[in-house]
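Scroll down for the structure; my scribbles are underneath it.
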Amino acid sequence: MSRRGVRVIDPNQLVVPGAALLIALIMLLVVAVVRRRTSELAFASALTERGERLALALWASGERYWDYHVPSGQLRRLIGVNPDPGGDGLIEDSMPAESLIHPDDLPMARDALARYLADTDSRYQIQLRVTDGQAGWVWMRVRGRVVERDGQGAVLRIAGTSLNITGTRAAERDRKIAAEVLRSMSEAVAVIDADFCFVSVNPAFQRMTGYSESDVAGLNADLLDSDQHDAAFHAHIRAQAARTGEWSGELWQRRKDGEEFFAAVELRTVHDADLGTRLHVVVLNDITQHKRTEQELRYLANFDTLTSLPNRSLLSERLSRAIIRAQREDKRIAVLFLDLDRFKDVNDSLGHAAGDRILRATATRLQQTVGAHQTVARLGGDEFTIVIEDLEHTHDAERIAREIITAFEAPLLLEDRREITISPSIGISLYPDHSQVPTELLKQADTAMYQAKAAGRRTFMRYDDNMDVAVRQRATLSSALRKVLDRGELRLVFQPRLSLATSRVTGVEALLRWSSPEHGDIPPNDFIPLAEESGLILEIGEWVLREACLVLGRWRQHGLDALTVSVNVSVLQLLRGDFPDVVRRVLADTGIPPGLLELELTESVLMANAEQTAAKLHAFRQLGVALAIDDFGTGYSSLAYLKRLPITTIKIDKAFVDGLPNDTEDAAITSTVIAMGHSLGLNVVAEGVETEAQMRFLAGRGCDEIQGFWVAQPLDALQCLAFIRNWRPDTPARPAPVRVATLP
């Protein structure tokens with residue numbers, strides 16, 4: 001009821017509306033909680049999805065997530081992804097970290113973790129081996145950072161990623177090895193792109209070309225091109241490289257300083273599949289010195305180093321080609337063999353240096369006379385050969401020979417401004433008139449040249465089949481004799497000398513022999529005069545002296561201390577001013593006592609220049625060397641003068657021994673020589689003893705020693721040593737040997 005119109009409400013009637021409000025508020029709160037929970041669940045779901053996506057992204061990239069609990073040492077890691085849509089998504093496991101690490105890498109891992117925990121501002125990173133779960137090991141690169149600390153700041157958790165680098169580590173190792181190989185290579189290596197611009201070069205490239213990598217980066221490789229090759233040549237190389245992917249060859253290149261070098265080049269094309277590009281790898285070798293050496297060897301093999309003319313080898317080749325052309329074109333060829341007259345005398349008087357200048361001037365004069373298109377060659381010494389091609393008539397060769405002789409009437413101007421006049425002797429052979437073989441043509445021209453010398457020198461002779469065979473052989477032997485020492489064609493044999501008083505071998509005579517592959521065994525009577533005429537006897541004589549002393553030295557090592565050796569001496573050797581010095585030097589070099597060496601000289605040699613001979617002989621005697629007159633009785637002697645010579649031995653010539661004991665004149669002469677020799681205090685040796693009767697006659701007349709076939713034939717060194725060592729004084733007399741064609 002209301003008062004004065006106002007309605008009064010009973011409080012008990014307010015209960016229902018208050019409960020509704022509370023319920024409404026509760027409902028609102030529930031809705032808010034539900035909404036908040038729903039939002040939180042949605043946010044958590046989003047975070048989970050985002051984490052899974054991040055993990056999947058890491059998984060796809062090869063990186064693996066890990067979470068390491070420091071206090072426990074437990075490692076939680078992502079090990080896979082569940083492919084089942086209804087599955088758990090990411091797959092994780094947890095285990096002690098050290099159980100995964102290779103035992104050899106554990107100390108390194110512990111040390112790295114300790115350093116990181118001491119300085120967490122840095123980044124944790126290490127490479128180590130971990131198990132692959134199948135009893136194998138893989139290299140992993142591990143990275144991480146601190147993600148949780150406790151209240152005191154101590155690190156609780158470290159999280160990060162790991163990546164299997166086994167393959168890349170091997171590739172990196174291979175790359176480093178390849179890079180080191182390139183750095184250490186002596187060959188220059190350059191990498192260029194498809195446009196032939198430099199990409200990279202190795203250090204050897206800079207050493208070889210002078211260009212560093214920064215100098216050439218991006219520049220075209222044509223900066224090395226030499227002007228010795230035209231542009232078309234270089235364009236051809238690049239076109240072939242682009243077409244086939246390779247090129248190799250030799251070409252000239254240019255260094256940074258402009259110097260050119262000859263290079264062997266190898267180019268190979270490689271393709272980069274990742275970048276889809278093509279690169280060329282070029283290897284260069286500097287072969288300049290190698291090529292120069294090749295050229296020098298080729299030059300030495302074909303040219304004379306003194307005159308720069310073709311040598312014998314190239315002459316033979318050119319002559320062979322000339323003959324082939326002449327056969328094809330039906331032409332004639334002339335071969336002129338030229339020798340300078342008395343060149344040896346000039347060479348000895350002026351010296352070898354002047355002789356070399358004469359030979360060079362001669363080469364120039366010959367080439368100027370016959371023309372540059374004709375072959376002029378030097379065979380050796382003062383021998384030259386000229387090949388004249390395209391002869392119209394045979395007398396053209398004689399005309400050219402006459403022109404050469406005329407050309408040498410003018411003195412040769414030497415390099416030291418001296419003038420020398422010298423003349424040539426020329427022999428001519430013709431193709432096809434005389435021969436169709438190069439060696440025969442040369443030999444025939446050589447023979448004709450010696451005929452020209454025999455005709456008085458400073459002239460020419462054309463080869464004639466009717467030329468005297470003996471003269472031709474003499475010329476050939478003389479030419480061959482020049483090479484005997486170089487070819488080792490000379491040898492010594494030794495004939496023992498027997499003492500009749502003691503019946504012992506007291507010495508040997510060294511005898512020279514020449515065995516030529518072309519001419520066979522040549523008697524000393526044929527080649528010794530040739531050696532004396534040419535002056536070769538000086539070299540040959542010294543070789544004989546040294547070889548004989550060397551053999552005696554070897555025998556002395558076998559106990560033959562008292563054995564003597566006799567060596568024949570030529571008049572040229574005797575008159576040579578330094579021959580006593582030669583003997584002294586040989587004795588010193590071989591260690592032979594002077595008293596064991598005996599020099600033999602013929603009677604005619606001693607008497608030819610008695611005064612000068614006497615002085616030389618006294619020089620030898622001062623050395624302590626014994627001296628013998630060989631072939632005594634065949635020449636002429638002044639007994640009074642002979643008495644004043646320092647002779648120690650005379651040798652009775654075989655001509656007086658042959659008739660013993662029956663020829664009364666030979667017996668009288670032999671007995672007289674023995675008596676005279678003894679009266680002069682000389683040792684007497686009889687040569688050519690072949691029978692026991694001769695031996696007994698000589699022994700009865702008091703002859704000191706004998707040598708000949710009855711004792712022994714000339715033997716080589718080993719046979720002679722065996723003979724001497726096996727000889728006994730009671731050796732029975734032997735029958736005279738059968739006489740055969742034997743060298744004297």
Side-chain angles (χ1 to χ4, degrees), residues 292-322 333-389 400-401 403-428 438-439 441-443 445-446 449-450 452-453 457-458 460 478-480 482-483 486 534-536 539:
R292 286 175 181 163
T293 302
E294 279 187 358
Q295 291 173 350
E296 290 174 1
L297 291 175
R298 193 178 299 114
Y299 178 85
L300 292 174
N302 292 285
F303 290 90
D304 171 53
T305 55
L306 178 63
T307 63
S308 297
L309 293 177
N311 60 13
R312 185 182 296 273
S313 174
L314 184 56
L315 169 67
S316 178
E317 179 183 335
R318 289 189 179 181
L319 183 54
S320 298
R321 291 203 301 262
I333 300 172
V335 176
L336 279 61
F337 200 103
L338 180 147
D339 187 272
L340 298 180
D341 296 332
R342 305 190 186 283
F343 174 75
K344 184 184 180 305
D345 295 338
V346 176
N347 196 40
D348 288 346
S349 60
L350 298 181
H352 292 290
D356 289 345
R357 297 188 187 100
I358 293 172
L359 293 174
R360 283 193 290 267
T362 298
T364 302
R365 181 71 57 87
L366 288 174
Q367 197 73 73
Q368 290 173 344
T369 303
V370 302
H373 59 287
Q374 306 289 7
T375 295
V376 179
R378 179 180 177 232
L379 301 185
D382 59 334
E383 293 180 342
F384 295 84
T385 301
I386 305 169
V387 178
I388 307 295
E389 299 188 57
I400 294 173
E403 290 176 357
I404 292 173
I405 292 174
T406 302
F408 277 84
E409 291 180 355
L412 296 174
L413 180 62
L414 305 185
E415 299 158 1
D416 58 358
R417 313 304 298 174
R418 281 190 294 179
E419 291 185 348
I420 293 293
T421 301
I422 197 165
S423 63
S425 294
I426 304 173
I428 305 171
T439 54
L441 287 170
L442 288 169
K443 186 168 66 174
D446 189 13
M449 184 273 294
Y450 277 98
K453 281 191 175 292
R457 297 183 174 88
R458 195 180 168 276
F460 63 88
S478 180
S479 178
R482 299 174 185 274
K483 310 172 187 69
D486 293 336
S534 64
L536 289 171
E539 294 180 61

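These numbers were taken from a predicted model, which means no experiment stands behind them.
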Just list the side-chain donor-acceptor pairs under 3.5 Å for residues 312-322, sequence neighbours left out, or say none.
from: Glu317; atom 1: OE2; to: Arg321; atom 2: NH1; distance (Å): 2.6
from: Ser320; atom 1: OG; to: Ser316; atom 2: O; distance (Å): 2.8

Glu419: side chain to side chain donor-acceptor pair (under 3.5 Å) partners, not counting sequence neighbours: none
Those residues that, when tested against Glu389, pass side chain to side chain donor-acceptor pair (under 3.5 Å) (two or more places apart): Arg325
For Leu379, does its backbone N or O pair with a side-chain atom of Asp304 as donor and acceptor, under 3.5 Å? no
Going by the rule side-chain contact (heavy atoms from CB on, under 4.5 Å), which residues pair with Ala401 if we only count those two or more places apart in sequence or in a different chain? Leu336, Ile426, Ile428, Phe460
Closest non-hydrogen atom pair between Ala354 and Leu414, with its separation: O-CD1, 4.4 Å
Residues at least two apart in sequence or cross-chain that pass salt bridge (charged side-chain N to carboxylate O under 4.0 Å, His left out) with Arg365, listed by chain then number, are none
Set of residues satisfying side chain to side chain donor-acceptor pair (under 3.5 Å) with respect to Ser423, sequence neighbours excluded: Asp341
Applying ring pair (Phe, Tyr, Trp, His ring centres under 6.0 Å), name anything that partners Phe303, two or more places apart in sequence or on another chain. Tyr299
Restricting to side-chain contact (heavy atoms from CB on, under 4.5 Å), what partner residues turn up for Thr364, sequence neighbours left out? Gln368
Considering only heavy atoms from C-beta outward, does the side chain of Ile405 approach that of Pro424 to under 4.5 Å? yes
Distance, nearest 0.5 Å, that separates CD1 of Ile420 from CZ of Arg357: 10.5 Å
Across all chains, not counting sequence neighbours, the side chain to side chain donor-acceptor pair (under 3.5 Å) partners of Asp382 are none
What is the distance from atom CD1 of Ile358 to atom CG of Leu340, rounded to the nearest 0.5 Å? 8.0 Å
Are the side chains of Leu338 and Met449 in touch, meaning some heavy atoms are under 4.5 Å apart? no
Drop me the distance from Thr385's OG1 to Leu366's CG, to the nearest 0.5 angstrom. 10.0 Å
Across all chains, not counting sequence neighbours, the side-chain contact (heavy atoms from CB on, under 4.5 Å) partners of Gln367 are Leu309, Val370, Val376
Give me the atom names and distance for the closest heavy-atom approach of Ala377 to Asn311. CB-O, 4.3 Å
Thr369 to Ala407 - nearest heavy-atom pair and separation: OG1-CB, 3.5 Å
Any carboxylate oxygen within less than 4.0 angstrom of a Lys/Arg side-chain nitrogen, looking at Glu409 and Arg458? yes
Please report the closest heavy-atom contact between Leu359 and Thr307, naming both atoms and the distance. O-CG2, 3.8 Å
Taking all non-hydrogen atoms of both residues, which atom of Leu536 and which atom of Arg482 are closest, and how far apart? CD1-CA, 3.5 Å
Restricting to non-hydrogen atoms, name the atom on Leu442 and the atom on Phe337 that form the minimum distance, rounded to 0.1 Å. O-CD1, 3.9 Å
